[in-house]
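Step one of this worksheet: look at the structure below.
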Amino acid sequence: MHIPESLQDLADSEAVQFLKRPKTILRIFAGVFSLIVFSSVLTDGFQNKTDSSKLHCVLNGNNVACSFAVGAGLLAFLSSLGFLALDAHEGRIASTRFKTAFQLLDFILAVLWAGIWFVGFCFLTNQWQHSSPKQFLLGSSSAKAAITFSFFSVFVWIFQAYLALQDLRTDAPVPYKRSLDEGGVVLTTLSPPSAASPINMPAAGPNSLSYASSALSPYLTTPKVPRLAMMPDN
């Protein structure tokens with residue numbers, strides 16, 4: 001099947017290649033799941049009872065559970081957007097230290113969010129099990145959606161932590177070396193001279209000086225002046 005050149009160029013473009021990355025796909029899923037959690041609780045998570053006009057959380061009337069779902073979902077959504085924007089400019093980062101720090105922060109936050117969503121899933125499920133089914137007229141579908149996507153978010157952030165760990169292993173920081181262009185001096189390890197080393201070989205010619213021997217000796221030796229011999233008169 002022949003693909004038009006314009007579509008082929010679109011498939012090979014930098015934006016499409018960026019969207020096809022596993023890390024990018026996971027961040028999009030994490031952002032969408034977080035959006036569903038906090039939006040569903042924010043819209044239908046607070047209901048009034050049949051005998052009262054005061055709003056209560058549909059999760060066992062515990063406002064802490066709904067506030068947790070809204071707050072965690074909103075922060076996770078913003079975190080996914082922020083790291084997605086940083087990933088888009090990752091190729092332009094020239095500093096090795098900044099890139100390593102970014103990958104380390106990505107791994108730490110991914111592990112942290114995986115733990116938060118696991119605790120949140122257990123907490124929301126416990127509150128929903130203790131909720132009366134006839135206490136609120138609406139809001140049951142929103143509570144179930146928040147619990148379901150909290151469970152999915154745990155695995156998404158675990159996979160993100162795994163990919164961040166792989167990036168740290170593959171892009172291990174090299175020892176810091178200052179190049180001559182930066183005004184520093186590159187330090188190298190010098191091996192001890194051996195007998196076959198060319199610095200110990202005497203230079204050819206009777207009048208040549210050996211710099212290696214003078215560098216290795218504790219004192220500098222001065223060349224000996226040749227003596228004048230008296231020639232007998234004939």
Side-chain angles (χ1 to χ4, degrees), residues 3-43 67-121 124 145-146 148-188:
I3 300 177
E5 185 177 359
S6 59
L7 295 180
Q8 184 65 35
D9 294 340
L10 179 62
D12 296 337
S13 62
E14 185 178 354
V16 175
Q17 295 299 323
F18 172 74
L19 293 176
K20 290 169 61 177
R21 294 173 56 188
K23 184 187 294 186
T24 305
I25 296 174
L26 286 176
R27 294 199 194 281
I28 293 175
F29 273 107
V32 172
F33 292 167
S34 303
L35 179 63
I36 294 175
V37 170
F38 85 85
S39 62
S40 60
V41 176
L42 192 62
T43 53
S67 299
F68 172 81
V70 173
L74 181 59
L75 291 178
F77 176 73
L78 295 177
S79 178
S80 299
L81 288 182
F83 276 96
L84 193 62
L86 290 175
D87 287 339
H89 298 83
E90 185 178 1
R92 303 177 184 176
I93 300 176
S95 177
T96 307
R97 288 187 172 184
F98 183 79
K99 190 174 182 180
T100 305
F102 167 69
Q103 293 173 352
L104 183 60
L105 180 63
D106 186 15
F107 172 73
I108 294 175
L109 287 181
V111 173
L112 182 63
W113 275 116
I116 290 175
W117 281 121
F118 177 75
V119 174
F121 166 73
L124 297 179
T148 302
F149 285 97
S150 297
F151 177 73
F152 291 156
S153 297
V154 176
F155 297 98
V156 170
W157 286 100
I158 288 176
F159 289 151
Q160 288 195 45
Y162 173 76
L163 292 180
L165 183 61
Q166 292 297 320
D167 291 340
L168 282 174
R169 289 180 176 179
T170 54
D171 298 338
V174 297
Y176 181 67
K177 294 184 297 184
R178 299 178 61 188
S179 62
L180 293 176
D181 297 335
E182 297 176 351
V185 178
V186 179
L187 298 179
T188 57

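All residue numbers in this chain count up from 1 along the given sequence.
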Worksheet item: Any ion pair linking K23 and D167 (charged N to carboxylate O, less than 4.0 Å)?
Response: yes
Which residues share a ring pair (Phe, Tyr, Trp, His ring centres under 6.0 Å) with F38, sequence neighbours left out =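 Checked F38 against ring pair (Phe, Tyr, Trp, His ring centres under 6.0 Å); zero matches.
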Quick one: closest heavy-atom pair of [X] and [Y], and the distance?
X: L124; Y: S150; result: CD1-OG, 3.8 Å
X: A164; Y: Q103; result: CB-O, 4.2 Å
X: A146; Y: V37; result: O-CG2, 3.8 Å
X: G31; Y: S80; result: N-OG, 3.6 Å

* Judged by atom type as modelled, is there a donor-acceptor pair below 3.5 Å linking the side chain of S79 to the main-chain atoms of L75? -> no
Once you round to the nearest 0.5 Å, how far does [atom1] of [X] lie from [atom2] of [Y]?
X: L163; Y: I158; atom1: CG; atom2: CD1; result: 12.5 Å
X: I28; Y: L19; atom1: CD1; atom2: CG; result: 5.5 Å
X: L86; Y: L81; atom1: CG; atom2: CG; result: 11.0 Å
X: S153; Y: F121; atom1: OG; atom2: CZ; result: 11.0 Å

So the salt bridge (Lys or Arg N to Asp or Glu O under 4.0 Å) pairs with at least one residue in residues 100-110 (sequence neighbours excluded) are R27-D106
Does the side chain of [Y] come within less than 4.5 Å of [X]'s, by heavy atoms?
X: S34; Y: W117; value: yes
X: I116; Y: W157; value: no
X: L105; Y: F83; value: yes
X: T24; Y: K20; value: no
X: D87; Y: F102; value: yes

If you count the non-hydrogen atoms of other residues, nucleotides and ligands that lie under 6.0 Å from CZ in F68, is the total more than 12?
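Buried by this count: over 12 neighbours within 6.0 Å.
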Report task. Flag the pair F152 / F149 as yes when their ring centroid distance falls below 6.0 Å, and as no otherwise. Result ->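 Yes, the ring centres sit under 6.0 Å apart.
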Mutual orientation of the aromatic rings belonging to F33 and F29 [parallel < 30°, tilted 30-60°, perpendicular > 60°]: tilted
